[in-house]
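These numbers come from the heavy atoms of this one structure, side chains and all, not from hydrogens, waters or symmetry mates. Keep in mind that what you see is a predicted model, and the values were worked out from it rather than measured. Letters A, B, ... are given to chains in the order of the sequence lines, protein chains preceding strands, and every chain is numbered from 1.
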Amino acid sequence: MSNGVLTAPGLAFPRETFAKLTPGPFLHTHLKQTKPLRPNGRTPEEFRQPIVNTGSLSHSNGSTVVRVGDTAVVCGVRAEVLLASDIPNPPRDGMQDEELIEELGLLVPNLELSTGCSPANLPGNPPGTVAQSLSYRLLTLLHDSHIINPADLRIQYTEPPTEDDETGYAPRIVTKAYWTLYLDILCIAHDGNLFDAAWAAVMAALRNTVLPKAWWDPDREMIICSPLVSEATTLQLHSLPIASTFACFSTSSHLKQRKEAESWILADPDSFEEEICNDALTIVLARHQNAQTRILRLSKTDGSQVNAEAVQGCVALAEQKRAVWESILTGG
Amino acid sequence: MQADRRRVNAPPGGTTPPVFATPSNTPIARPVRSRQPDEHRKIFLRTGFVPSASGSAYYEIPPETTSQSKTLLIPSSSSLKITCTVHGPRPLPRNAAFSPNLLLSTHVKFAPFATRSRKGYVRDSSERDLGMHLESALRGVVIGERWPKSGCEVVITVLEGEEDGWWGDAQGAEKSGGWGMMGVLAGCITVASAALMDAGIDCVDMVSGGVAALASDERGNGTRIVLDPSPSEHDIKAACVVGYLQSRDEITEMWMKGNAGVQTEALIDEAVKAAVMTRSVLGEAVKESVELKANHTDRNVKEKGSANDVTMTG
């Protein structure tokens with residue numbers, strides 16, 4: 001069948017019909033052209049450009065709206081105070097600073113999908129498996145990346161010397177409370193590759209987060225904050241990891257020889273491509289200042305269809321994307 | 001309360017929102033209404049931002065920046081931000097009973113960061129109540145007989161809600177006047193109406209929401225009626241929301257709170273006036289979306305047969 005002849009409407013279906021009836025062959029036909037072009041008009045290696053807006057929510061310490069193509073995500077950071085005396089199992093003395101955030105659960109990311117962002121995600125239900133796993137992946141990545149300095153989350157107090165102390169005794173500094181950051185991520189519109197968008201939103205919102213100056217008031221025995229912007233501090237991140245997701249489309253099937261199968265790597269899949277490709281490869285790259293880029297996480301589902309060279313190619317693409325997104329997130 | 005096993009939970013010790021102590025040399029001033037009593041705040045309304053939904057709309061009342069908002073971390077007032085998606089009409093599930101009409105279901109949820117105190121993820125009764133009000137506003141507008149055995153979901157997410165009062169008034173205790181809900185409902189009605197139009201669901205008319213309030217006059221001792229009150233600017237005595245069909249001169253939904261006394265009718269009239277003002281914005285937004293759709297189909301027809309198409313064989 002050849003398209004492009006408008007005079008035979010009885011035989012030719014519009015593109016949308018083919019996409020709906022036979023999504024797999026439809027994508028395959030697009031990819032096997034001499035210059036492969038995906039149905040959404042991008043080349044296989046092309047990412048969508050994000051649009052980032054920060055500080056639009058007035059009741060959050062930090063907030064962003066990230067739009068990647070038709071996927072839109074809102075992230076709001078709320079800081080609340082966790083009193084050290086309220087912690088049931090106080091942190092051990094010898095504990096490393098890095099473990100502190102994870103041990104106390106000071107970062108609470110939650111991704112909400114059931115906002116009607118797509119027909120499959122209607123509200124009224126508890127978060128499904130996808131939402132739960134995405135929240136968990138965000139949480140573990142936040143812990144693994146160590147981007148937040150635990151010292152920034154401590155609210156400390158220097159105890160005045162008591163009468164029992166000898167003279168010349170150094171004042172004791174105790175941590176009276178910790179800031180807990182609630183990261184609420186709402187998916188407003190879902191068109192594939194939610195993890196990249198959600199992670200970028202978290203990063204941009206954390207960069208934008210302002211913590212008020214807080215101190216322990218010994219008379220009232222509570223934490224008091226200063227509302228002045230001039231005294232507040234902006235949260236500093238050690239690095240800005242960027243996640244890149246690839247989908248793998250393959251023509252392999254049980255009825256064919258394995259060597260006959262062709263496969264393509266599709267960068268930044270949209271929801272149509274995500275539905276067809278059951279394979280996904282997520283690479284998270286981070287770069288500390290003036291250092292080499294390091295792979296923070298590389299996760300791949302369903303291991304049969306991508307070989308090692310392809311993964312290396314993906315890492316190179318992810319590095320390109322990281323540089324572009326980093327400049328957008330820091331500039332905007 | 002039992003921990004929600006499906007979400008990442010707060011630390012077991014429980015956290016408290018920060019308590020602010022304003023230095024005595026920093027004056028805290030209540031925001032003052034700068035517009036006329038019969039002047040509506042500016043509204044931003046856009047449709048079609050969620051392509052996978054049948055219809056969608058975004059409604060915003062942009063914040064007014066004051067000098068105070070730059071020096072204090074505490075926001076002096078809130079700005080309304082509401083998104084709405086419409087899914088449907090689509091067939092009812094097989095096990096549902098027969099319905100000769102379109103079954104409309106509404107769902108309103110506040111984002112956790114929508115209000116001054118953090119909201120939970122599970123819908124509370126005030127959100128459910130808001131959903132009921134919205135449903136009664138929309139039910140009279142949609143021509144349901146045209147879609148028997150079908151359902152339609154109207155989903156609203158409030159990204160930022162209106163406040164119930166001025167934060168300086170209610171130190172510590174949250175004032176439970178609920179005036180903010182009135183403004184949110186009016187916004188919900190307007191945004192849902194725009195999303196329904198975007199979804200192409202037949203309606204008898206465009207319904208729009210409006211609020212008016214009876215507030216004590218700052219200059220004198222009496223009271224005055226103001227359109228579209230921002231609760232942080234006024235001391236509200238009574239308020240009224242209407243869902244109004246202008247061309248039919250009908251009210252589909254009315255919610256009044258507080259004691260307006262003899263001024264009840266005047267208050268309703270003013271709320272209707274506010275609804276008429278919102279309708280002009282709604283009309284423009286719907287017109288814009290129709291034009292955009294018309295252009296889009298034009299372009300699709302032109303592109304057909306060009307290099308964008310691929311040949312499918314086998």
Side-chain angles (χ1 to χ4, degrees), chain A residues 1-6 15 18 25 29-30 33 57-60 63 70 74 76 78-83 86-88 104-106 108-110 112 115-119 122-124 126-127 132 135 139 180 182 184 186 188-191 210 212 214 222-229 232 271, chain B residues 4 6-23 26 49-54 56 63 69-75 77-79 81 83-85 87 90 107 109 111-116 118 121 123 153 155 157 159-160 304-306 308-314:
Chain A
M1 191 215 79
S2 107
N3 253 349
V5 190
L6 280 169
R15 290 161 53 83
F18 278 114
T29 334
H30 274 87
Q33 302 174 93
L57 299 171
S58 41
H59 295 303
S60 305
S63 62
D70 282 334
V74 182
R78 277 299 262 276
E80 293 201 349
V81 176
L82 170 71
L83 284 177
D86 284 346
I87 302 172
L104 298 179
L106 296 182
V108 190
N110 271 304
E112 184 71 21
T115 51
C117 56
S118 75
L122 286 182
Q132 287 179 47
S135 297
L139 176 71
T180 305
Y182 291 92
D184 298 301
L186 258 72
I188 298 298
H190 186 358
D191 187 27
V210 173
M222 63 193 289
I223 298 287
I224 301 286
C225 302
S226 156
L228 297 176
V229 171
S271 56
Chain B
D4 188 345
R6 296 190 183 90
R7 295 190 171 90
V8 182
N9 287 301
T15 58
T16 47
V19 177
F20 290 100
T22 316
T26 317
F49 73 104
V50 183
S52 57
S54 323
S56 55
S69 61
K70 284 177 197 117
T71 52
L72 290 187
L73 280 176
I74 311 169
S77 66
S78 200
S79 68
K81 292 185 180 70
T83 69
C84 175
T85 53
H87 296 276
R90 51 183 185 181
H107 193 284
K109 181 78 194 90
F113 42 70
T115 47
R116 215 171 270 279
R118 221 177 91 88
Y121 272 102
R123 264 198 307 168
E153 276 100 9
V155 184
T157 307
L159 293 178
E160 201 170 313
K304 206 151 258 164
S306 66
N308 223 351
D309 267 350
V310 288
T311 313
M312 281 181 81
T313 45

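- Both the backbone and the side chain of A:Ile188 come within less than 4.5 Å of a heavy atom in chain B.
- Contacts of A:Pro88 with chain B are made by side-chain atoms alone, with heavy-atom separations under 4.5 Å and no backbone atom involved.
- Residues B:Val8 and A:Ser135 have side chains in contact (heavy-atom distance under 4.5 Å, counting atoms from C-beta outward).
- For B:Arg118, the parts sitting under 4.5 Å from any heavy atom of chain A are the backbone and the side chain alike.
- Using a distance-only test at 3.5 Å, with no hydrogens or angles considered, no donor-acceptor pair links the side chain of B:Glu160 to the main chain of A:His59.
- Looking at B:Thr85, the atoms closer than 4.5 Å to chain A (heavy atoms on both sides) all sit in the side chain, from C-beta outward.
- Only the side chain of B:Val155 comes within contact range of chain A, with at least one heavy atom under 4.5 Å from a heavy atom of that chain.
- The part of A:Ile223 that comes within reach of chain B is its backbone (N, CA, C, O), which places non-hydrogen atoms under 4.5 angstrom from that chain.
- Heavy atoms closer than 4.5 Å to chain A are found nowhere in B:Ser56, neither backbone nor side chain.
- With chain B as the partner, the residue from A:Pro119, A:Gly76, A:Gly105 showing the most heavy-atom pairs under 4.5 Å is A:Pro119.
- Taking B:Ala10, B:Ala21, B:Gly14 one by one and counting their heavy-atom pairs under 4.5 Å with chain A, the maximum is reached by B:Ala21.
- Interface remark: A:Ala79 contributes backbone atoms only to the contact with chain B (heavy atom separation under 4.5 Å).
- Contact annotation for B:Pro51: only side-chain heavy atoms (C-beta onward) come within less than 4.5 Å of a heavy atom of chain A.
- Contact detail for B:Ser79 and A:Ser58: the closest heavy-atom pair is N-OG, 4.4 Å.
- In this structure, B:Arg6 places its CZ atom where only 12 or fewer heavy-atom neighbours from other residues, nucleotides or ligands lie under 6.0 Å away.
- In terms of non-hydrogen atom pairs under 4.5 Å with chain B, the most contact-rich of A:Pro127, A:Ser60, A:Cys117 is A:Pro127.
- Ranked by heavy-atom pairs under 4.5 Å with chain B, the list A:Asp191, A:Leu82, A:Asn110 is led by A:Asn110.
- Between chain B and the options A:Val108, A:Val81, A:Asp86, the largest number of non-hydrogen pairs under 4.5 Å is found for A:Val81.
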Worked check of side chain to side chain contact (heavy atoms under 4.5 Å, CB included) between B:Leu73 and A:Leu228: CA-CA 6 Å; B:Leu73 280 176; A:Leu228 297 176; over 6 Å; no
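- Heavy-atom minimum distance, A:Leu57 versus B:Lys81: CD2-CD, 4.4 Å.
- With chain A as the partner, the residue from B:Pro17, B:Ala111, B:Pro12, B:Ala114 showing the most heavy-atom pairs under 4.5 Å is B:Pro17.
- Contacts between B:Thr16 and chain A at a heavy-atom distance below 4.5 Å involve backbone atoms as well as side-chain atoms.
- The shortest heavy-atom contact between A:Asp184 and B:Phe113 is O-CE2, 3.3 Å.
- Both the backbone and the side chain of B:Phe49 come within less than 4.5 Å of a heavy atom of chain A.
- Of all the listed residues (A:Ala189, A:Pro123, A:Ser118), the one sharing the greatest number of non-hydrogen pairs under 4.5 Å with chain B is A:Pro123.
- Most heavy-atom pairs under 4.5 Å with chain A, from the set B:His107, B:Lys109, B:Arg90: that is B:His107.
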